[in-house]
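Let me begin by presenting the structure, written as structure tokens, before commenting on it.
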Amino acid sequence: MKSSELAEVVSRISAGAKVIVVSNREPYVHERIEEGIRVVRPASGMVTALEPIVRAVGGTWIAYGGGSADRLVVDERGRIALPPDDPKFILKRVWVSRTEEKGYYQGMSNTALWPLCHIVYKRPDFSRSDWEAYKAVNRRFCEAVLEEAGTDPAIVFIQDYHFALLSRMIKDERPDIRVIQFWHIPWPNREAFRIFPWEEELLDGLLGNDILGFHIQYHCNNFLDTVGRAIESLVDYEHFRVFRGGHPTYVRPFPISVDYRQIETDISSSEVEKRRTRFLKELEGDILSTKLYVGADRIDYTKGIVERLRAFDLMLSRYPDTKTKVTMLQLAAPSRTAVAAYRKLNEELDELVDQINWRHQTEEWIPVRFLRAHHDYYAVLAACRMANVLLVTSLHDGMNLVAKEFISARTDGDGILLLSQYTGASRELADALQVNPYDLDQMADAMYAAFLMPEEERRQRMERMRNILEKNDVYRWGANIFQELERTSFLEGMS
Ligand code: F6P
């Protein structure tokens, strides 16, 4: 779908109402550096997906201003027009104190809800003061939404698990505002969710939405089961909606995607070529004469980076013909380093990479190259293009957009995707080599199968996956969500 077609759909459905997007992470961060201020795009699947949509549709994006120079570039209401070189929308920054950030973001969002929803055997920790901070910050964002809406009709599109209480807060003040929320991470089964101490309050918050979206049907089912068990409501399985206090929330799957055509264009840009040259210089040695197994992730325990390294190690030991013929290139973006579990993971990864290299390396060959840095969009594309095999081995992932970026980037029709069966993307990308990342033996064998896979098979699989993504790009995702708002409003009119 073209971005202009999405803009038309949204403009027709919103019929003059203001469109306001809310997320925690902002699409552009202003940072202070020696030479002045630079603008950075954060490593975030949510931003990758939403930014082209908001650019196409216009409107206001409300997000937390966390950059060191964020306050310096905005007006007195915290607003700035973006993107910097060709403004298409307004970013309104909301300020959160250090203490609030600790409770709301590091605590409730990333030490409680993140592990609770992913179920990767990392125990969530709950704290009442974190919950209080979470409520206070949701309230602050609600005020920002109401200020932006003024007295006009509005459609608010909330992103993610940082704002479970926001839709209810908005509806309490302005029941006429249409509210949609997309939950970018998995929703666990009801047995897993029931340990959450403020379960009823959180679910009541989410049921303020008119539409609540998840990536896949399985997460929608889990959500309805959780609600049915935990809170007074009427669950209507026929229409997949929940009534709470007479208000319906429609629960729907919308598999998120990427800007397929833009990636197809950008892959042959000079920016991508520059990043490729930079990689080759930085890595030295002749890595291109080996098969490249590439990973590109935030350093997060849900991404299965440790498991991926262990399986790669196992492949080298079990299939000695791969030695000196393969290299694993891991782009690893530091993430949430204020949270203890993430700091521990960084240490574990350093040790593991050292061990594997010590075990297998020769004078001319280093098996694992681990580049810990924030790699921008073009660098990730360059790595996708260089890859013989892209490794996505998440232990659990709502969707995983790197997998989709890789497929979109392969205009040459070659390349293999090795994909965890526990990603949302595995539903659409059935032609990937699918693995269970907990089963290291199976993963090592799949890596070896990729090593041996003939070109014809690689191309057939790639072509089928490219056809799927060409039709289901991020504009289609956005259009589906807004069209669902139209459809459900119609249903409500009928009942
Ligand atoms: O994948 C879930 C998610 O919250 C995305 O929405 C977000 O882009 C990503 O994780 C990064 O997280 P953070 O914003 O905490 O760096």
Side-chain angles (χ1 to χ4, degrees), residues 21-29 31 40-54 61-67 70 93-94 96 100-120 122 130 134 137 141 157-164 166 181-188 213-216 219 254-258 296-305 331-343 345-346 373-377 380 392 394-405 420 422-425 474 477:
V21 171
V22 182
S23 70
N24 171 65
R25 184 64 62 199
E26 54 184 343
Y28 294 87
V29 185
E31 280 180 354
V40 181
R41 298 281 304 274
S44 153
M46 181 280 298
V47 168
T48 306
L50 258 289
E51 202 272 345
I53 291 195
V54 185
W61 187 332
I62 301 178
Y64 159 51
D70 273 357
R93 289 179 166 141
V94 171
V96 173
E100 282 172 331
E101 187 196 313
K102 194 162 175 291
Y104 143 80
Y105 175 73
Q106 293 164 33
M108 187 46 54
S109 297
N110 290 322
T111 310
L113 289 171
W114 181 267
L116 180 70
C117 288
H118 279 88
I119 331 181
V120 293
K122 178 76 65 193
D130 289 351
Y134 187 84
V137 174
F141 274 79
F157 186 17
I158 305 169
Q159 312 304 314
D160 244 339
Y161 57 102
H162 312 87
F163 299 113
L166 182 53
Q181 183 154 9
F182 190 79
W183 193 265
H184 289 256
I185 62 175
W187 189 277
F214 296 95
H215 292 292
I216 56 175
H219 299 152
F254 301 107
I256 205 167
S257 196
V258 292
D297 312 80
R298 286 185 304 105
I299 303 179
D300 192 306
Y301 51 82
T302 60
K303 300 292 178 190
I305 308 172
L331 310 190
S335 177
R336 304 176 188 168
T337 44
V339 178
Y342 288 75
R343 284 199 301 276
L345 174 63
N346 271 274
H374 171 73
H375 299 277
D376 70 6
Y377 164 73
V380 172
V392 176
S394 313
L395 302 180
H396 202 179
D397 217 328
M399 176 52 66
N400 196 288
L401 289 182
V402 179
K404 292 189 171 183
E405 283 175 329
S420 160
Y422 305 125
T423 58
V474 73
W477 176 78

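In what follows, every heavy atom counts, from backbone to side chain, and hydrogens, waters and symmetry copies are set aside. Remember, it's 1-based here, ligands and their atoms both numbered in the order they're listed.
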Met46 heavy atoms, cut-off 4.0 Å: which ligand 1 atoms fall inside? 5 (C), 6 (O), 8 (O)
Just to check, does Gly398 reach to within less than 4.0 Å of ligand 1 when the distance is taken from its heavy atoms? no
Find out whether the Lys NZ or Arg CZ of Arg93 is both under 6.0 angstrom from the six-membered ring centre of Trp61 and within 45° of the ring's axis. no
Shortest protein heavy-atom distance from atom 7 (C) of ligand 1, along with the residue and atom involved: Ser44 OG, 3.6 Å
With no hydrogens and no angle check, just 3.5 Å: does a side-chain donor-acceptor pair link Asp300 and Tyr342? yes
Taking only residues two or more places apart in sequence or in another chain, which ones pass ring-ring contact (aromatic ring centres under 6.0 Å, His included) with Phe182? His184, His215, Trp477
For atom 4 (O) of ligand 1, what's the nearest protein heavy-atom neighbour? Residue, atom name and distance, please. Asp160 OD2, 3.1 Å
A student comparing Arg298, Arg25, Met399, Arg336 should find that the heavy atom closest to atom 12 (O) of ligand 1 comes from Arg336
Report the nearest protein non-hydrogen atom to atom 15 (O) of ligand 1: residue, atom name, distance rounded to 0.1 Å. Tyr105 OH, 2.5 Å
Stepwise side-chain contact (heavy atoms from CB on, under 4.5 Å) test for Thr302 and Ser394: CA-CA 6 Å; Thr302 60; Ser394 313; 5.9 Å; no
Of the side chain and backbone of Trp114, name the one, both, or neither that has a heavy atom under 4.0 Å from an atom of ligand 1. side chain
Find out whether the Lys NZ or Arg CZ of Arg25 is both under 6.0 angstrom from the six-membered ring centre of Tyr64 and within 45° of the ring's axis. no
Just jot down the ligand 1 atoms closer than 4.0 angstrom to any heavy atom of Ile185, in number order. 2 (C)
For Ala333, what residues pass the side-chain contact (heavy atoms from CB on, under 4.5 Å) criterion, not counting sequence neighbours? Ala43
